[in-house]
Each structure stands twice: as C-alpha cells, then as structure tokens.
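Below is one structure, written out as structure tokens, with a few remarks after it.
Naming convention: chains lettered A, B, ... in sequence-line order (proteins, then strands); numbering from 1 in each chain. What's counted below: heavy atoms across the whole structure, side chains too, no hydrogens, waters or symmetry copies.
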There are 2 protein chains.
Amino acid sequence: MDSASISSTPADLLRAAGIKVTPGRVRVLQALHGARQPLCHGEMEAQLGADGAAALDRVTLYRILDSLVACGLALKAVDTRGVFRFSAAGTPRQHANHIHFRCTDCGGVFCLKAEPPPPPKLPRGFRLGEVEFDVRGTCAGCSARERE
Amino acid sequence: MDSASISSTPADLLRAAGIKVTPGRVRVLQALHGARQPLCHGEMEAQLGADGAAALDRVTLYRILDSLVACGLALKAVDTRGVFRFSAAGTPRQHANHIHFRCTDCGGVFCLKAEPPPPPKLPRGFRLGEVEFDVRGTCAGCSARERE
DNA sequence: CCACAAATGCAACAGTGTTGCATTTGTGGC
DNA sequence: GCCACAAATGCAACACTGTTGCATTTGTGG
C-alpha cells in the first residue's frame, strides 16, 4: 500500500470510478464532501470561486456534476424551489434512510436524528427506490428572521 | 338553501374565497378538480387548449394558479424534475397527511393508501409545516416500459 | 348603468439547465 | 519522456420554466 491508503482521496474515488482525474472534478468532489447539506449550482460556483483557484465554467460544473452522478459518486435531488441539489455519495447509507427537514422559506435541507418508518406496501408493478420522510416547515434561522 | 347547495361549484369556491369569478379561474379550477394527480403548467395548458375554448395566456395561467394558491384553493409542489405541480385543495385533508409515491422516471405522483407515521421531534426553533412521507421508485407503467 | 379595482394579454426579461463545437488536457502505449 | 487519441473543458448560443411591467379589458358593488 502506498500513501493513498488513507482511503479515498477525491482523486482515488475518481480513478476507482473509472473517469479521468481532472482538477475540476477533484475540486467539486472536495466541495461536495465538505458540505453539510446538498449544494445547488450557485452555492457550488460561489464556493469554488472563493477557494483561490480560477472559477469553473458554469457549463463545465453542470457536466462535472452529471458525470459524478453518472458514475455514482454524487446524488441529485430537487429542493422545494425546484432547484437541483447535489450531495456526495461516497458515504453510502448516510442519507439513504433518514429524515429530512426542508425549510419552505430558504429551501435549505436539514437532517434530523430519527429513525424513518418502514416503507408501505406498494401497488402491483411499482418498484421501490428510496424512501424519504420529508418534513417541511420553517427552520430556526428563518423562524427567527420572520419574528422580527 | 338555493340551487348552489349541490355544494361548491368552481364559481362558488371562488366567491367563497373572496376573489373574482372569471372564466379562466373557473376553467383552471375545474381542470384541477378533474385531475387525478397534480398538474404542471404544460399539462394544464394542453388540457385547457383541448376543451374547445380559447387557450389561456401562459402568464395568465401562472397568475391564476398563484391566486388559487394564495387563497387556499390550490396547492403547489415540486416534482422530481424540478417542475411545479398544482393540485386542488378544495377537498381539505385529502392530501394533507398521506403517502405519495414519486416515479423517478416519468415524474408522476401517485397516492398510496397508507397511514403516515407521526412527525418526529424537531430541533429548537424549527417550526413544523407539513409532513410528507415520500416514496420514490419506478411506477408500474415505467417499470413495464423498461423491461422491454 | 357607472366607476374602479382586479384580472388579462402581450412583450420582454431572469434563472436554471442544455447543446454544439472548437480547443485543451489527461491517460495509456511506445 | 513523448505521442496520439479520447475525454474534458470553455465559450456561445439556445430551451424551458417562471416572473415583471404596463396598457387594456372585465367583473363587481354601488
């Protein structure tokens, strides 16, 4: 084993997934792993622009995210405002089965510590993918701001 | 009681909600009540164009839907492709607390007959809005089509 | 029937996401 | 280390969904 045995740097993950290791992909993957909640394009562009290096092209960012989703390294979801949000999939099961709180005000997603209920029975022909117990409301920050 | 006691025609609902009764709103409300699942703008335009009368302006449709949501006669949600879908809210509680199945393939929404679990405890400051138990996967139609 | 506010239609715009194509860059083979 | 090729990138332009401004029409209460 070499020094990469500190298990899965972004570059390792990309190599393991069988796609080229490029600076853009490494940066995006780092950003996703560093984020505590799914990021949309805007947030990601801002974050990548702020880290010193030259900002990625908007289209390139879309394509990088698509390639990460295609090879299973990222997950794509939609927030309450209809905007795509991406999260790292490198830590399997972390988001697979648990409860999310979606703020209808700011669109943010928060993870709640609680066991999700078992999935219900489905009609014939329906195939189960993921189960998400979605709780909507106003998050602490927006609640406070509203109260002003 | 008068002849309107056949309970809530679209016009009655609009009057009761305190907004003007216009042909467009009546048609949209009828379409919403007739739909078996939430409709997006495209579907609604198609449906309204097909019913003989002149098609509504795209912007007018948006505004009508917004006004219906504002006065509580319709509900707005986002599908898996990030598109807004609207449903009639005239039958309260019908959608308030039950389980939805979202097809990740065609974006359709199906209602399952099952009791949703009780909402979990929220962190301090968070205010509960709605609870939705969201099950994702592939619907019967798309499953069959994939199997070809 | 009148007047006024609300609703509509049209045009133009904004944000998010996509496509085409020429150029650059990572990777495997020599 | 160098080359060639496919893959990735950057740029420009486009498509779709949703929004805003403003002049005109229409529903509603008097």
_Need to verify one output field. Residue with the more 5' nearest nucleotide on DNA chain D, A/Gly24 or B/Lys76?_
A/Gly24

*Of B/Arg63 and A/Ser67, whose nearest nucleotide on DNA chain D comes first from the 5' end?*
A/Ser67

Return no unless some side-chain N or O of [X] is found under 4.0 Å from OP1 or OP2 of [N].
| X | N | value |
| --- | --- | --- |
| B/Tyr62 | D/dG18 | yes |
| A/Arg25 | D/dA8 | yes |
| A/Arg58 | C/dG17 | no |
| A/Thr22 | D/dT9 | yes |

Watson-Crick or G-U wobble partner of [N], both distances under 3.5 Å:
| N | answer |
| --- | --- |
| C/dG28 | D/dC3 |
| D/dC16 | C/dG15 |
| C/dT8 | D/dA23 |

_I'd like to know if B/Arg15 and B/Asp12 make a salt bridge, using a cut-off of under 4.0 Å between side-chain N and carboxylate O._
yes

_Given C/dT18, D/dG27, C/dG26, the nucleotide with the shortest approach to the side chain of B/Lys20_ = D/dG27

*Which word best sums up how the rings of A/His41 and A/Phe86 line up, parallel for under 30°, tilted for 30 to 60°, or perpendicular for over 60°?*
perpendicular

*Between D/dG10 atom P and A/Glu45 atom CD, what is the distance in whole Å?*
11 Å

